[in-house]
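Start at 1 and go down the list; that is how both ligands and their atoms are numbered.
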Amino acid sequence: MEFIKYEEQGEVGIVTISREKALNALNSQVLDELNATFDAIDVNKIRCVVLTGAGEKSFVAGADIGEMSTLTKAEGEAFGKKGNDVFLKIENFPIPVIAAVNGFALGGGCEISMSCDIRICSDNAVFGQPEVGLGITPGFGGTQRLARLVGPGMAKQMIYTARNIKADEALRIGLVNAVYTQEELLPAALKMASGIAKNAPIAVRNCKKAINDGLELNMKDAVALEEKLFGDCFETADQRYGMEFFLDKNKEKVKEPFKNC
Ligand code: DAK
């Protein structure tokens, strides 16, 4: 891998987009490597992933404008599909993915952060969808995910004006959950990820599926989906152990790690 670094800390996987000379912009190779990296993560061992960018300036400054500038219509469509396939893979990844947004998150950078389950950012982060200023629409799901996250009115304002927003405004409109100093960001993301990794993995996965898939359904079908995923947790070793541990009033007992079965 030239542009993606992957490491593991316990049950947490850390994926770093590392193309600093272009502010981690997404070209075809970065997208291919991201795809292969997520494919190679052992989701029976790893329980949460943190996605971040290399360096102190940028998370991802968008799709690679140099590469896009010469695309034909057919090539543009193929490039859009390549990005969308990776972003959908992240969105539907069985375990949670936290975006630690450490600087510019523009265009495809904002879009990849929105395909993650949770976004936290550093105080120097800048979000935006500048595509209309380049003569294109957002092409990696921005029109769809931004509207779902911050509401259509705010999404339309950001997309039509192509105006970037800073971390404090991203927090105010609910695009990110929290803002940290640059030094605190990755430790905070890893702390959140290991907190998630300590919980019952089958239950966490089923919560992700219930929320993601349920949002596409009407309430009646959505709660039926929730019932099914709730039911699927029963008879697992983790459900039995989690409830037995609560019911056992022995205060001396230390909770054992969940076994993912
Ligand atoms: N692509 C390629 N290179 C980029 C880049 C990008 N998006 N962003 C930055 N770079 C490169 C710069 O060209 C520069 O390279 P050198 O000149 O050193 O070789 C290097 O990174 C450092 O950038 P700057 O010198 O510009 O650094 P500054 O601090 O002055 O400015 C900046 C930082 C982030 C404000 C600025 O670089 C900037 O405005 N970058 C472009 C941001 C942007 O517009 N991003 C959105 C790209 S559009 C679709 C599929 C996908 C998409 C759309 C449609 N379909 C197929 C339908 C997605 C579109 C986008 O993401």
So that I can tick it off, tell me whether [Y] and [X] are bridged by a salt bridge, with the cut-off set at under 4.0 angstrom between side-chain N and carboxylate O.
| X | Y | answer |
| --- | --- | --- |
| Asp64 | Arg19 | yes |
| Asp232 | Lys228 | yes |
| Asp248 | Lys253 | yes |
| Glu169 | Arg163 | yes |
| Arg145 | Glu91 | yes |
| Glu8 | Lys45 | yes |

Where ligand 1 meets [X] - atom numbers and elements under 4.0 angstrom, heavy-atom basis:
| X | answer |
| --- | --- |
| Asp64 | 1 (N), 2 (C) |
| Gly107 | 46 (C), 61 (O) |
| Gly108 | 60 (C), 61 (O) |
| Thr137 | 53 (C), 54 (C) |
| Lys57 | 27 (O), 28 (P), 29 (O) |

For ligand 1, the portion of Pro130 having any non-hydrogen atom under 4.0 Å away: side chain

Proximity of Ile136 to ligand 1 by residue part, where a heavy atom lies under 4.0 Å: side chain

Are any of the protein's heavy atoms under 4.0 angstrom from [atom], yes or no?
| atom | result |
| --- | --- |
| atom 36 (C) of ligand 1 | no |
| atom 26 (O) of ligand 1 | no |
| atom 16 (P) of ligand 1 | no |
| atom 8 (N) of ligand 1 | yes |
| atom 44 (O) of ligand 1 | yes |
| atom 31 (O) of ligand 1 | no |

Heavy-atom nearest neighbour in the protein, as seen from [atom], with distance rounded to 0.1 Å:
| atom | value |
| --- | --- |
| atom 24 (P) of ligand 1 | Leu23 CD1, 4.5 Å |
| atom 39 (O) of ligand 1 | Leu106 CD1, 4.6 Å |
| atom 58 (C) of ligand 1 | Ala63 CB, 3.5 Å |
| atom 50 (C) of ligand 1 | Phe140 CE2, 3.5 Å |
| atom 48 (S) of ligand 1 | Leu134 CD1, 3.5 Å |
| atom 1 (N) of ligand 1 | Ile65 N, 3.0 Å |
| atom 11 (C) of ligand 1 | Ala22 CA, 3.8 Å |

Is a side-chain donor-acceptor pair under 3.5 Å present for [Y] with [X]?
| X | Y | answer |
| --- | --- | --- |
| Gln239 | Thr236 | no |
| Asp32 | Asn35 | no |
| Ser122 | Asn124 | yes |

Cation-pi geometry met for Lys249 and Phe246 (6.0 Å, 45°): yes

Would you tell me which option among [options] has the nearest heavy-atom contact to [atom]?
| atom | options | answer |
| --- | --- | --- |
| atom 5 (C) of ligand 1 | Ala25, Cys110, Gly128 | Ala25 |
| atom 56 (C) of ligand 1 | Gly139, Ala61, Gly76 | Gly76 |
| atom 18 (O) of ligand 1 | Lys73, Glu131, Lys21, Glu67 | Lys21 |

Residue among Glu67, Lys82, Glu75 satisfying side-chain hydrogen bond (donor to acceptor under 3.5 Å, both in side chains) with Ser28: Glu67

Exam field: side chain Lys208 to backbone Ile95, donor-acceptor pair closer than 3.5 Å: yes

Full working for ring pair (Phe, Tyr, Trp, His ring centres under 6.0 Å) between Phe38 and Tyr6: CA-CA 9 Å; Phe38 273 88; Tyr6 178 69; 8.3 Å; no

Check: Phe59 ring centroid to Phe127 ring centroid under 6.0 Å: no

Whether Met68 lies under 4.0 Å from ligand 1, heavy atom: yes

